There are 2 protein chains.
Amino acid sequence: MDKDRKRKTIYDLAVLAEASPSAVSSVLNGTWEKRRISKKLATKVLRIAEEQGYHLNAQASLLRRDRSNIVGMIVPKYDNRYFGEIAEQFEAKARARGMFPVITCTQRDPDLEFEAAKELVAYQVECLISTGATDPDRIAAFCRAAGVQALNLDLPGQDAPSVISDNYTGARDLTRLILDRCQSDLGWHGALRFVGGRLSDHNTAARLRGFLDAHAALGLTVPEAFIKATGYSASAAWSSLQDFSPSGPAGIFVNSTISLEGVVRWHSELGSEARHVRYGCFDWDPFGKFLPGNVGMVEQDVSAMLEELFTRIGTPQAAGAPTLIPCKLRAF
Amino acid sequence: MDKDRKRKTIYDLAVLAEASPSAVSSVLNGTWEKRRISKKLATKVLRIAEEQGYHLNAQASLLRRDRSNIVGMIVPKYDNRYFGEIAEQFEAKARARGMFPVITCTQRDPDLEFEAAKELVAYQVECLISTGATDPDRIAAFCRAAGVQALNLDLPGQDAPSVISDNYTGARDLTRLILDRCQSDLGWHGALRFVGGRLSDHNTAARLRGFLDAHAALGLTVPEAFIKATGYSASAAWSSLQDFSPSGPAGIFVNSTISLEGVVRWHSELGSEARHVRYGCFDWDPFGKFLPGNVGMVEQDVSAMLEELFTRIGTPQAAGAPTLIPCKLRAF
DNA sequence: CTGAATTGCTCAATCGATTGCGCAAAATGT
DNA sequence: ACATTTTGCGCAATCGATTGAGCAATTCAG
C-alpha cells in the first residue's frame, strides 16, 4: 500500500479506530486501565495498530515525558574481552532494570570521547558513564553543566564517582605469582620487566606500585630500565622488547592483553631461549592459558564493577575516592 | 545556581539574549546565515549558550526534522574480535558519513533481537542492520511494515539485502591449508574433523560444503561422525571432542574462535599426543598464531563488508542473492 | 423517580526545536 | 525626496505522544 510510505501515528490509528488520539495513546502505552478505556476499545486499537505496522515515535514520546530512562556509556575499544564484557553486561543489567542502554565506542580518541558525550547528553541520557576515558573530568564537567549525572568506570576521575578495579592488589598478586613461578619453573629469583601502558594513566601507575611493592617484599630492586610503559599497542610492546634478548631466565609483567599480543610475538621469535621466559598479564583472555610461558592472568570482576556502578545510577553523589573492586587472579 | 536543575531550552536563551526562539534556534543549528541573522546576534547567542551549559534536545529536534540520520545495528556478542571489529568500524564509518550509529547487543537471543529491533525502529532509525541474527527475516518483515530499510550482515536473510563473507571459499582454502600442513608436518593424509557451529546456520552449512569439497578434490571422504556442529559455545566444542583421543595424526577444522577455545582446551589436555594434531580456525584472533598446533585462520574482511553495506544504506533495494566478500587466509 | 457515583471517552495544552512567511527598518538607487 | 532592495528578525504552525481536566451517558442508591 502506498500510504505505508509514511510512518503511522496515533492520529492515523485514531481515525481508523474511530476514537480519539488520547485513547489510542493510552491503550498503546498501557495506561488505558487507569484512564478507564474499555477493554473492547483497547483490543480494537491494538488490533489496528498491529495491522498498520504502527510503532511508537520515541522522540515524540520522550519529548513529552519527564524521564528518558536512557543510560549512556562510552567505551574506548571493543578489541579485548574486558571492554567487550563491560559493554555486554552493561546492556544486560540496564535492560534488567528497565533502562535503555546506549553505548558508543570512541577509539581512545579524546575529542571523539567528548563529541560522543555531547551527543549522548543531547539524547537526554539520565546518566553518562565514561569507561576508560582519557579525560573523564572534561566529560564530567560538561555533564554537570548540562545537569546530567556522570560516573566513571575503569579509570577514575576527580569530578564524578568512580568504580575501578583494585589495580594495586591485582598487580601485586600477579607479580608475586610470576616471581614464584620463575623460582619454581626456572630456579631463578630476579626482577621482572614491566611492559605496556602509560605511567600517566592512573591504572598503570597503581599497577606499577603493586609490581614494585611485590618485588620489595622479596628484597628485590627493579632497575629503572625494566619499566617499559610505552603505550597501549601491540607493536609498541614488541618494539620495547627489541633490545632484550635474554640469555638466561627472565620474567615479564604485561600490562594489558593488547600489550600481551606484542609480548607473545616477541616471545615466539626468541626461539629456544623462550623456554627460560615466564610472563603474566593484567587482564584476561580465554586463549591466554594456552600461550607458552604465560603463568597467569588477572581477571577484572566486571560483574561486580557494574553492580556497584548501578547502585550509583539515579542517586547523584559527590566524587569521593574511587570504589575499588577486587580482581581475580587466574594462575595457570 | 538552582535554576540549573532544569535543562536550558532555546526559550531560556531567547530571554537572556533578548531575541526570539527562532533566531536562537537558527544560530545554534548553523542556519543563521541563511536566515539572515546578524553576526553580532549570533555571537551573543553562542556565548550565552556556552555560559548556560545549553545543549540541544535531540528528541525535540528530531521530532520536527524529516530525517533522523540514525542508523541502527544489532550484534549478537562482543566476545570475539570479529563482532568487535564490526561494531567499531560500523561506528567509525557511520560517523564519517555524518550518520549517528546506535548499536545494541542481543546475546544471540531471538526475542531480545526482536525487542531491540523494535526499540531501534521507535528511535526512528533510517536503516536497521541485523548482524549475525538468528531470525533476520522476522526483523526485516517488521521493518518493512514500519517503513524502515533493513539490511543483513554476516548471516543472510530472504527479505532484505545481505552482505556476508564468502564462507564457502574461505572454508575450502582453510581446509586445504590444514590438509597440506598435516601432510608436511606429520606426513599424514586423511580426513579432518569439523567442530563448532550449527548446520541450520547458513554460514556453517556453506563452510561445511567448502570443507567437504576440499576433501573431495584430494580424493578424501569425510565420515559423518567427523562432523561435530554442536553449537556456538567453547564447552560444547570441548565436549564434542571427549570421545576422541587421537593415537596418531589428526586434523581439525574449527568453525569459530569461540569453538576454538574449547578445541584448544581439549588439545592442551591431550598431553604428548597433542604434537600429532593440527588445526585451523574460521575467524581470526591475534593470539591464534601462538597456539600450539594452529596452522592458520580465516580472517573475514570486515572493512570490505562494511563498505559494501554502506553503499546500500539509503538506497533501498530488493533482497536478491547475498553479496559475498572474500576472506583472507592467514597461514602460520 | 431523583440525585450521586461511576464509566468511558474527548479536549486541548504541552514538551523543545524547526521553518515558511511576513513585516519593519535600514541601505541603496535615481 | 521617493521608490526599491536588502537586512534582520519575529510569529505561529508543526512534528507525535502524553496527560490533567472535564463532559455526557450509564449505573446505582434510596
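Convention: sequence-line order gives letters A, B, ...; per-chain numbering from 1. Just so it is clear, the structure is predicted and the values come from calculations on it, not from any experiment. Side chains are part of it too, since the values below use all heavy atoms of this structure and drop only hydrogens, waters and symmetry mates.
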With respect to the side chain of [X], which nucleotide from [options] is positioned closest?
{"X": "B:Arg36", "options": "D:dG8, D:dG16, C:dC9", "value": "D:dG8"}
{"X": "A:Tyr54", "options": "D:dT18, C:dT18, D:dA17", "value": "D:dA17"}
{"X": "A:Ser38", "options": "D:dT18, C:dC9, C:dG16", "value": "C:dC9"}
{"X": "B:Leu63", "options": "C:dT18, D:dT19, D:dG16", "value": "D:dG16"}

- Query: Below 4.5 Å, heavy atoms only, C-beta onward: do A:Phe90 and A:Thr131 meet side chain to side chain?
  - Reply: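 No, too far: nothing below the 4.5 Å cut-off.
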Spacing of [X] atom [atom1] relative to [N] atom [atom2], expressed in whole Å:
{"X": "A:Ile10", "N": "C:dC11", "atom1": "CD1", "atom2": "C1'", "value": "13 Å"}
{"X": "A:Arg65", "N": "C:dC15", "atom1": "CZ", "atom2": "C1'", "value": "12 Å"}
{"X": "B:Lys40", "N": "D:dG8", "atom1": "NZ", "atom2": "C1'", "value": "11 Å"}
{"X": "B:Gln59", "N": "D:dT14", "atom1": "CD", "atom2": "P", "value": "23 Å"}
{"X": "A:Trp32", "N": "D:dA17", "atom1": "CH2", "atom2": "P", "value": "20 Å"}
{"X": "B:Asn57", "N": "C:dG16", "atom1": "CG", "atom2": "C1'", "value": "6 Å"}
{"X": "B:Ile37", "N": "D:dG10", "atom1": "CD1", "atom2": "P", "value": "7 Å"}
{"X": "B:Leu62", "N": "D:dA17", "atom1": "CG", "atom2": "P", "value": "14 Å"}

- Item | Which residue lies more 5' along DNA chain C, comparing A:Pro21 with B:Ala60 via nearest heavy atoms |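 So the residue in question is A:Pro21.
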- Task: With DNA chain C as reference, determine whether A:Tyr11 or A:Leu41 sits nearer its 5' end, using the nearest nucleotide of each.
- Result: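 Checking each residue's closest nucleotide, the 5'-ward one belongs to A:Leu41.
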- Message: Mind checking if B:Ser25 touches a base, just sugar-phosphate, or nothing, with heavy atoms under 4.0 Å?
- Response: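 Answer is base: heavy atoms of B:Ser25 come under 4.0 Å of a base.
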- Determine the contact category for A:Thr9: base if any of its heavy atoms lies under 4.0 Å from a base atom, sugar-phosphate if only primed atoms, P, OP1 or OP2 are that close, otherwise nothing.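 Touches sugar-phosphate only.
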- Query: Which comes earlier along DNA chain D counting from the 5' end, the contact point of B:Ala19 or that of A:Ala58, where each point is its nearest nucleotide?
  - Reply: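 Going by which nucleotide is closer to the 5' end, it is B:Ala19.
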- Message: I want to confirm an ordering. Mapping B:Arg35 and B:Arg64 to their closest nucleotides on DNA chain D, which one lands closer to the 5' end?
- Response: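 It is B:Arg35, whose closest nucleotide lies nearer the 5' terminus.
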- Think B:Ser20 has a side-chain N or O under 4.0 angstrom from the OP1 or OP2 of D:dG10?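 Indeed, a polar side-chain atom of B:Ser20 lies that close.
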- Message: Is there a side-chain contact between B:Asn29 and the phosphate of C:dA17, meaning an N or O under 4.0 Å from OP1 or OP2?
- Response: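 No.
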- Take atom CD in A:Gln158; do more than 12 heavy atoms of anything else shown fall under 6.0 Å from it?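 No, CD of A:Gln158 has 12 or fewer neighbouring heavy atoms, counting only those of other groups under 6.0 Å.
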- Query: How about B:Glu50: does its CD atom have over 12 heavy atoms from other parts shown lying under 6.0 Å from it?
  - Reply: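 Not buried by this count: 12 neighbours or fewer within 6.0 Å.
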- Query: Is there a donor and acceptor pair, one atom on the side chain of A:Ser22 and one on the base of C:dC11, closer than 3.5 Å?
  - Reply: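 When only heavy-atom distances are counted, A:Ser22 does reach the base of C:dC11 through a donor-acceptor pair under 3.5 Å.
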- Query: Do the side chain of B:Arg7 and the base of C:dG16 come within less than 3.5 angstrom through a donor-acceptor pair of N or O atoms?
  - Reply: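 Absent.
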- Item | A:Met305 versus A:Leu153, closest heavy-atom pair with distance |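 Distance-wise, the nearest heavy atoms are CE-CD1, 4.0 Å.
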- Query: Considering all heavy atoms of both residues, which atom of A:Leu13 and which atom of A:Ala49 are nearest to each other, and what is their separation?
  - Reply: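 Result for this residue pair: CD1-CB, 3.8 Å.
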- State whether a side-chain donor-acceptor pair under 3.5 Å links B:Thr134 with B:Glu113.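 Short answer, yes.
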